[in-house]
Amino acid sequence: MNADDRDQTCRDFADAVNMTAATLEKWLDTDDSRAVGQKDGGHESTGHASGRRIIGLLRTKKADLSDADLAHMRKVVGYVHRHLAQRPSGDVADTPWRYSLMNWGHDPLHR
């Protein structure tokens, strides 16, 4: 991956992930966070596991990001964009839709 692609991935990730590492870490410790998402045979959902990885990414210097890190960052951006396009009508404050997005580092109610 060239430097321009790395920079674009980092910008896209920063736009998609609007929760801080500390906020996301606190959120992932809640029952609401653990209750949503697809669990592929394990006890933890895919989004919850991704959230834990996102915390690490947020705390990593850009120069220290690996190709695997950048690939996960692109996965996060894709998920957030796809999920935002499926916004349900009405108040989404206490919905699985919002909670799932929050597991991926994006709170749609964050201003």
Side-chain angles (χ1 to χ4, degrees):
M1 177 178 290
N2 67 40
D4 288 342
D5 291 339
R6 288 176 65 89
D7 289 344
Q8 187 62 53
T9 296
C10 289
R11 282 192 301 274
D12 293 346
F13 182 78
D15 288 342
V17 175
N18 67 0
M19 296 170 72
T20 65
T23 302
L24 180 54
E25 194 167 41
K26 185 176 179 180
W27 163 250
L28 291 175
D29 282 339
T30 68
D31 289 339
D32 286 334
S33 170
R34 287 186 209 90
V36 297
Q38 183 177 349
K39 296 174 179 73
D40 292 329
H43 300 295
E44 183 178 41
S45 72
T46 303
H48 197 274
S50 178
R52 288 187 300 102
R53 183 152 186 204
I54 290 165
I55 291 166
L57 292 170
L58 290 170
R59 292 180 173 154
T60 301
K61 293 179 184 178
K62 183 176 167 182
D64 294 337
L65 294 169
S66 69
D67 287 344
D69 291 336
L70 292 162
H72 191 73
M73 291 165 76
R74 287 189 301 274
K75 180 178 180 178
V76 170
V77 170
Y79 178 85
V80 169
H81 288 166
R82 283 190 310 277
H83 208 65
L84 283 173
Q86 300 169 0
R87 183 184 182 109
S89 60
D91 182 10
V92 297
D94 295 313
T95 62
W97 175 83
R98 177 181 177 223
Y99 296 162
S100 181
L101 271 168
M102 289 174 69
N103 280 353
W104 288 81
H106 182 87
D107 184 350
L109 301 183
H110 180 74
R111 305 243 184 258

Mind listing the closest non-hydrogen atom pair of [X] and [Y] along with its distance?
| X | Y | value |
| --- | --- | --- |
| Leu84 | Pro108 | CD2-CB, 4.4 Å |
| Val92 | Arg87 | CG2-NH2, 3.4 Å |
| His48 | Ser33 | CD2-OG, 3.1 Å |
| Asp64 | Thr60 | CB-CG2, 3.9 Å |
| Lys75 | Trp104 | CE-CH2, 4.0 Å |
| Ala21 | Ile55 | O-CG1, 4.0 Å |

Calculate, to the nearest 0.5 Å, the distance between atoms [atom1] and [atom2] belonging to [X] and [Y] respectively.
| X | Y | atom1 | atom2 | result |
| --- | --- | --- | --- | --- |
| Asn103 | Ser45 | CG | OG | 5.0 Å |
| Gln86 | His81 | CD | NE2 | 13.5 Å |
| Gln8 | Met73 | CD | CE | 11.0 Å |
| Leu24 | Asp29 | CG | CG | 10.0 Å |

For Asp7 and Lys62, what are the C-alpha separation, side-chain angles and deciding distance, and is it a side chain to side chain contact (heavy atoms under 4.5 Å, CB included)?
-> CA-CA 9 Å; Asp7 289 344; Lys62 183 176 167 182; 2.6 Å; yes

Ionic contact status for Glu44 with Arg52, cut-off 4.0 Å |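 Judged by the 4.0 Å cut-off on N to carboxylate O distance, Arg52 and Glu44 do form a salt bridge.
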
Residues Arg34 and Asp31 bridged, charged N to O under 4.0 Å =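 Yes.
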
Test side chain to side chain contact (heavy atoms under 4.5 Å, CB included) on Leu70 and Cys10 and set out the steps.
-> CA-CA 8 Å; Leu70 292 162; Cys10 289; 4.3 Å; yes

Strictly distance-based, threshold 3.5 Å: is any side-chain N or O of [X] a donor or acceptor partner for the main-chain N or O of [Y]?
| X | Y | result |
| --- | --- | --- |
| Asn18 | Asp107 | yes |
| His106 | Leu101 | no |
| Arg98 | Asp94 | no |
| His83 | Trp97 | yes |

Taking the six-membered ring for Trp, are Trp27 and Tyr99 parallel (under 30°), tilted (30 to 60°) or perpendicular (over 60°)?
->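 Tilted: the ring planes of Trp27 and Tyr99 meet at 30° to 60°.
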
Side-chain touch Arg53/Asp69, heavy atoms, less than 4.5 angstrom |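 Contact flag for Arg53/Asp69 side chains = yes.
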
Close side-chain approach of Met19 to His110, heavy-atom, < 4.5 Å =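 Counting from C-beta outward, Met19 and His110 never come under 4.5 Å.
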
Please assess Thr46 against Tyr79 for the test side chain to side chain contact (heavy atoms under 4.5 Å, CB included), listing each intermediate value before the final yes or no.
-> CA-CA 11 Å; Thr46 303; Tyr79 178 85; over 6 Å; no

Side chains of Thr9 and Asp12: donor-acceptor distance under 3.5 Å anywhere?
->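 Not at all, the side chains of Thr9 and Asp12 share no donor-acceptor pair under 3.5 Å.
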
Option passing side chain to side chain contact (heavy atoms under 4.5 Å, CB included) with Leu58 (candidates Thr23, Thr20, Val17) =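 Of Thr23, Thr20, Val17, side chain to side chain contact (heavy atoms under 4.5 Å, CB included) with Leu58 is met by Val17 alone.
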
Worked verdict on Arg6 versus Leu65 for side chain to side chain contact (heavy atoms under 4.5 Å, CB included) = CA-CA 9 Å; Arg6 288 176 65 89; Leu65 294 169; 3.9 Å; yes

